[in-house]
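Below is one structure, written out as structure tokens, with a few remarks after it.
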Amino acid sequence: MTQDELKQKVAQAALDYIKPDLRDDAIIGVGTGSTANFFIDALGKLVGQFKGAVASSDATAERLKGHGIEVFDLNDVDQLSVYVDGADEANAKLEVVKGGGAALTREKIVAAVAETFICIADASKAVETLGSFPLPVEVIPMARSYVAREIQKLGGQPVYREGVVTDNGNVILDVHGLSITDAKDLEKTLNNIVGVVTNGLFAHRPADVLMLGTEEGVKTLT
Ligand code: 5RP
């Protein structure tokens with residue numbers, strides 16, 4: 001199976017997982033990226049069976065609308081029972097690295113509000129130790145060099161993702177060379193650097209369910 005076929009399978013599995021909970025008033029949190037896109041395309045076939053969605057990026061909002069799914073502002077939504085999104089890396093504790101698509105801040109906000117965060121990925125994203133995938137950090141533009149110097153002091157090698165501006169008008173530093181043994185601690189430490197908006201570690205709010213697309217089928221971890 002190709003990586004895309006695995007992503008499509010796991011996206012469908014996530015939809016099957018939440019299907020029993022879909023109701024007329026249900027609003028679903030939807031992530032960003034190619035795996036999330038497969039989920040959106042599958043969700044598009046169920047228009048009319050739920051109320052709508054909250055999007056974690058402008059790109060996701062556009063794709064949802066393209067399927068006729070109503071997109072709500074998170075501020076107008078009291079409760080979000082489920083958030084479905086992909087990941088760049090995931091460990092056995094269901095801590096994940098996100099932000100390869102530069103949508104990490106809104107993704108983290110939607111995940112924080114959701115009762116259940118279902119992370120979907122092809123099996124190549126499962127790792128023993130987080131950090132091989134460069135950790136994305138969203139930064140206020142004027143603080144870029146300062147934040148980069150502070151990250152170097154922590155042992156990381158930050159690389160400016162040139163030409164990328166986030167939906168929030170900020171820039172991304174991708175931090176190479178980290179072997180993340182204490183994800184919660186690093187998440188907090190990075191967020192404490194002045195000028196950092198957020199970082200791509202989802203450890204304080206990890207996934208509740210991790211669904212991995214494998215050649216043998218979808219593996220679900222909770
Ligand atoms: C976007 C993300 C994505 O979920 C992550 O990059 C995985 O993307 P894909 O499903 O395309 O592999 O965090 O900011």
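What you are looking at is a predicted structure, and each value in this text was computed from that prediction instead of being measured. Counting convention: from 1, in listed order, for ligands and their atoms alike.
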Report summary line: closest protein heavy atom to atom 5 (C) of ligand 1 is D88 OD1, 3.2 Å
Requested in this report: Report yes or no: does A87 have a heavy atom closer than 4.0 Å to ligand 1?
Outcome: yes
Report summary line: ligand 1 atoms nearer than 4.0 angstrom to some heavy atom of K98 are 2 (C), 3 (C), 4 (O), 13 (O)
Query raised in the report: Counting only heavy atoms not in K19, do more than 12 fall under 6.0 Å of its NZ?
Result: yes
Query raised in the report: Does any non-hydrogen side-chain atom of E187 lie less than 4.5 Å from one of K108?
Result: yes
Requested in this report: Distance to 0.1 Å, residue and atom name: give those for the protein heavy atom nearest to atom 12 (O) of ligand 1.
Outcome: K125 NZ, 2.6 Å
Query raised in the report: How far does CD of E216 sit from CE of M1, to the nearest 0.5 angstrom?
Result: 8.5 Å
Query raised in the report: Considering only heavy atoms of E107, which atoms of ligand 1 have at least one such atom less than 4.0 Å away?
Result: 1 (C), 2 (C), 13 (O), 14 (O)
Report summary line: In short, S179 meets T129 closest at the heavy-atom pair OG-CG2, 3.6 Å
Query raised in the report: Is there a side-chain contact between D21 and V82 (heavy atoms, below 4.5 Å)?
Result: no
Query raised in the report: Which bit of A102 gets closer than 4.0 Å to ligand 1, counting heavy atoms only: side chain, backbone, both or neither?
Result: backbone
Report summary line: The reported gap from CD1 in I193 to CD1 in I151 (rounded to nearest 0.5 angstrom) is 5.0 Å
**Report entry** Sub-4.0 Å atoms of ligand 1 with respect to non-hydrogen atoms of K7
**Finding:** 12 (O)
**Report entry** S57 and ligand 1 - part of the residue with a heavy-atom distance under 4.0 Å
**Finding:** neither
Report task. Go through ligand 1 atom by atom and flag the ones less than 4.0 Å from a non-hydrogen atom of G99. Result -> 2 (C), 13 (O), 14 (O)
Query raised in the report: In terms of atom number and element, which parts of ligand 1 are under 4.0 angstrom from non-hydrogen atoms of G86?
Result: 4 (O)
**Report entry** Closest protein heavy atom to atom 3 (C) of ligand 1, given as residue, atom name and distance to 0.1 Å
**Finding:** T32 O, 3.2 Å
Query - Atom NZ of K125: over 12 foreign heavy atoms under 6.0 Å - result: yes
Query - G33 neighbourhood, listing ligand 1 atoms whose heavy-atom distance to it stays under 4.0 Å - result: 11 (O)
Requested in this report: Please lay out, stage by stage, how D4 and Q8 fare under the test side-chain hydrogen bond (donor to acceptor under 3.5 Å, both in side chains).
Outcome: CA-CA 6 Å; D4 270 356; Q8 195 166 13; over 6 Å; no
Requested in this report: Have a look at D85, T35, D4 and point out the one with the heavy atom closest to atom 10 (O) of ligand 1.
Outcome: T35
Query raised in the report: Which atoms of ligand 1 have any heavy atom of A103 under 4.0 Å away?
Result: 14 (O)
Report summary line: atom 11 (O) of ligand 1 sits nearest the protein heavy atom S34 OG, 2.5 Å
Query raised in the report: Are L104 and V96 linked, directly or through other ILVMFWY residues, by side chains that come within less than 4.5 angstrom of each other?
Result: no
Report summary line: Apart from V197 itself, its cluster of hydrophobic side chains linked below 4.5 Å comprises I140, M142
Query raised in the report: By number and element, which atoms of ligand 1 are closer than 4.0 Å to a non-hydrogen atom of G100?
Result: 6 (O), 13 (O), 14 (O)
